[in-house]
Structure formats: structure tokens, C-alpha cells
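Start at 1 and go down the list; that is how both ligands and their atoms are numbered.
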Amino acid sequence: MQDVFACDRSPDGPRHVAIIMDGNGRWAARRGLPRLEGHRRGVEALRRTVRAAIELDIRFLTIYSFSSENWRRPAQEIGDLFGLLRIFVRRDLADLHARSVRVRFIGSRQGLPPDIAGLLGEAENVTGDNKGLTLVVAFNYGARQEILAAARAIAEAALRKKIEPGVLDEKSFEAFLETSDIPDPDLLIRTSGEQRLSNFLLWQSAYSELVFMPVLWPDFDRAALEEAINEFKGRDRRFGGLAAQAPSLKERA
Ligand code: FPP
């Protein structure tokens, strides 16, 4: 039997993969199914992807599961997405914990139903000491909002004379982001053929390799993830310099 915990990441593989899981609605529409069915199959694709990420020894997987802008969708669909998050956390938490996955949520908890906010906290507490894959779920997340919140906190700290504006640099700014303890994504994948970032990890993806794939998210699987990783491995990462494989700012810090 295949050992699902086998370490087969080659040294040049991505340590952090971020995914914009797009195309659930189109997947459903092509089959004459309700959008909810596309989202349900999207959760199954997420389960497959988490397992594949563990098998491929990816250390951080960040998924965009509800954006600040998704509030513009009909109330019914918002309720469905919240329902799927509830199911995902309740049903999958024990399995994720058993696989030593550390679950983190980024995004605003304001405006979320209280039971959801409680569930997110519970998942983080239960898995907080795990040493395997870190699964970062961006829920009610928007990168501009994250950067604005950091700017606001920095301005307040400066008013209290806790920060000297003149010495603020990238490293000290990053300390105010929700992802301060997470390395920047090496590889950012968007499914469904759309080619934009949609307010996802705008600061952190400054030097990420972007891979846009036609596959609709419910059809995503280990083979698709490996395809994206192979594309990544063929890229020449220079981080603005000349030498390939130069370390990221956070790694250098
Ligand atoms: C994009 O598809 C997907 C989303 C807005 C939500 C992603 C959600 C899941 C994969 C399932 C829920 C998972 C959790 C953990 C809550 P779309 O609806 O924009 O598709 P379309 O562009 O084809 O309409």
C-alpha cells in the first residue's frame, strides 16, 4: 500500500502552494446541476488536494474559500458556502488532526455567524501543535483589507510612539499581516482558466510563480497539482536579481 506520508518533494519543489479554487459554478452549470452541487464537489476536490499536498511534502497550502467580495453573492449561496465550511470543519477536523495537519484561518471574523467563528477557533486550537502540513483557509479574506488593517495598526502604533515610521521596512510591515509566521507562496494556482488574483494574497504573492489552469476546481486532483508543480519547477525564479533560486525576502530574514 502506498504510504501517504511519504516524502517525495524534490528539493526544488514548492514549500508553499496557494490556490484560488475557481469554477465550481461552471462545473455545475455544464451538468445542469445547482451551484451548490459544484461547491460540494469542490469540497471533495479540496480533500483530495490536502492529501496530495501531504504526499508531495508541501509544507503550506493556502486555499481561497470565501473572499470579502463573495458577500455580493445571493444570500442562499452565501449560506450554502457557510454550511459547507461547517461540514468541512466538523467532519474533517479529526482526519486532518490524525494526519498532523495544522489548520489556520485568515480573514476577518467580523460579520461571520458566531458558531462559524467558534468553529474556526476550535479547529486552530485542536491542531495548533501539529507539525505536518499547515492548511491555511482564507475565509472572509481580502488582501486589500488585510493590508489596510496592517496600515491602520502601524499608524496607531506610531501615534503611541511604539513604531518609528522612518524605520518601517518590509520585514516590520509583514509582522502586522495575518500571515506573518507563514512563508510567502512559491506557487499560486488558479483553476478554471481565469487569469487574475481577485484580491488574494496581494502582498505575499509579489514573487510567487503564477500558474493558471483550465481545469474546473471540482475536477482538480493530484495529477493536476503535479502538473502545476512541474510547471513551477521549469520556471527560473530570480526575485528581481540575476541568479536562479534566490531566496525570498522572508527566507533571508
Ligand atoms: C469559486 O467557484 C469558488 C468559491 C467562491 C468558493 C470555493 C469553495 C469551495 C471549494 C467549497 C467550500 C470549501 C470550504 C472549505 C468552505 P465559483 O462559484 O466562483 O465558480 P464559477 O466562477 O464557475 O461560478
Side-chain angles (χ1 to χ4, degrees), residues 17-53 60-97 99 101-109 111-113 115-124 126-127 133-143 145 188-201 212-222 224-225 228:
V17 175
I19 308 184
I20 302 177
M21 310 179 291
D22 198 7
N24 296 348
R26 276 162 283 171
W27 185 94
R30 281 178 198 175
R31 289 162 179 78
L33 296 169
R35 290 178 61 81
L36 173 58
E37 195 50 34
H39 293 315
R40 277 203 192 110
R41 298 294 284 261
V43 176
E44 286 173 24
L46 174 57
R47 291 191 181 107
R48 283 197 296 275
T49 304
V50 169
R51 284 197 292 274
F60 298 85
L61 175 68
T62 300
I63 50 152
Y64 204 10
S65 57
F66 190 84
S67 77
S68 317
E69 291 68 37
N70 284 153
W71 289 104
R72 295 179 190 145
R73 295 193 177 201
Q76 174 70 50
E77 182 164 345
I78 294 171
D80 287 344
L81 287 167
F82 285 178
L84 286 174
L85 180 75
R86 282 187 187 96
I87 291 171
F88 180 69
V89 175
R90 286 199 191 116
R91 284 204 198 143
D92 292 55
L93 186 58
D95 182 59
L96 293 169
H97 190 38
R99 291 173 194 270
V101 174
R102 183 169 64 125
V103 182
R104 280 275 306 276
F105 290 89
I106 57 171
S108 174
R109 303 211 181 169
L112 293 179
D115 74 300
I116 294 250
L119 269 180
L120 308 193
E122 184 194 329
E124 289 182 329
V126 169
T127 64
L133 172 78
T134 296
L135 174 65
V136 184
V137 182
F139 198 85
N140 198 19
Y141 173 84
Q145 291 83 339
L188 192 153
I189 300 168
R190 182 171 188 150
T191 60
S192 91
E194 306 290 353
Q195 302 193 2
R196 56 181 171 269
L197 290 178
S198 299
N199 205 15
F200 185 47
L201 300 178
F212 299 106
M213 308 180 78
V215 61
L216 300 177
W217 176 251
D219 292 327
F220 197 84
D221 57 10
R222 176 174 167 150
L225 180 60

* Structure fact -> Partner of Val89 under side chain to side chain contact (heavy atoms under 4.5 Å, CB included), picked from Leu96, Val103, Leu119, is Leu119
* Pull out every atom of ligand 1 sitting under 4.0 Å from any heavy atom of His39, numbered as shown with elements. => 11 (C), 18 (O)
* Does NZ or CZ of Arg30 lie under 6.0 Å from the centre of the six-membered ring of Trp27, at an angle within 45° of the ring axis? -> no
* Structure fact -> Honestly, for Leu46 the part within reach of ligand 1 (heavy atoms, under 4.0 Å) is side chain
* Backbone, side chain, both or neither: what part of Val137 comes under 4.0 angstrom of ligand 1, heavy atoms only? -> neither
* Does CZ in Arg35 sit with more than 12 non-hydrogen atoms of other residues, nucleotides or ligands closer than 6.0 Å? -> yes
* To do: Ignoring hydrogens, just give me the one of Met21, Arg86, Arg26 whose non-hydrogen atom is nearest atom 22 (O) of ligand 1.
  => Arg26
* Asked: Which atom pair, heavy atoms only, marks the closest approach of Met21 to Leu46?
  -> SD-CD1, 4.3 Å
* Which of the ligand 1 atoms, numbered from 1, are nearer than 4.0 Å to a heavy atom of Gly25 -> 17 (P), 18 (O), 20 (O), 21 (P), 23 (O), 24 (O)
* Asked: Of all residues at least two apart in sequence or in a different chain, which pass the ring pair (Phe, Tyr, Trp, His ring centres under 6.0 Å) check with Phe105?
  -> none
* At what distance is the nearest protein heavy atom to atom 19 (O) of ligand 1, and which residue and atom is it? -> Arg73 NH2, 2.8 Å
* May I ask you to identify, for Trp217, whether its side chain, its backbone, both or neither come under 4.0 Å of ligand 1 on a heavy-atom basis? => side chain
* To do: Considering heavy atoms of the protein only, find what lies nearest to atom 24 (O) of ligand 1 and give residue, atom and distance to 0.1 Å.
  => Arg35 NH1, 3.1 Å
* To do: Distance to 0.1 Å, residue and atom name: give those for the protein heavy atom nearest to atom 13 (C) of ligand 1.
  => Val43 CG2, 3.9 Å
* Structure fact -> Per-atom filter on ligand 1: closer than 4.0 angstrom to a heavy atom of Leu85 are 15 (C), 16 (C)
* Is ligand 1 less than 4.0 angstrom away from at least one heavy atom of Gly23? -> yes
* Starting from atom 14 (C) of ligand 1, find the nearest protein heavy-atom neighbour and note its residue, name and distance. => Ser65 CB, 3.9 Å
* Asked: How are the rings of Tyr64 and Tyr141 set to each other: parallel, tilted or perpendicular (split at 30° and 60°)?
  -> perpendicular
* Asked: Are Asp22 and Arg190 within salt-bridge range, i.e. N to O under 4.0 Å?
  -> yes
* **Sidechain-backbone polar pair: Asn140 side chain, Arg109 backbone, donor-acceptor under 3.5 Å** => no
* To do: Enumerate the atoms of ligand 1 whose separation from the nearest heavy atom of Asn70 is less than 4.0 angstrom.
  => 5 (C)
* Asked: Would the number of heavy atoms belonging to other residues, nucleotides or ligands and lying under 6.0 Å from CZ of Arg47 be above 12?
  -> yes
* Asked: Starting from atom 9 (C) of ligand 1, which protein heavy atom do you reach first, and at what distance in Å?
  -> Asn24 ND2, 3.6 Å
* Without hydrogens or angle criteria, can the side chains of Asn199 and Gln145 be said to hold a donor-acceptor pair below 3.5 Å? -> yes
* To do: Return a yes/no value for Asp22: is any of its N or O atoms, backbone included, closer than 3.5 angstrom to an N or O of ligand 1?
  => yes
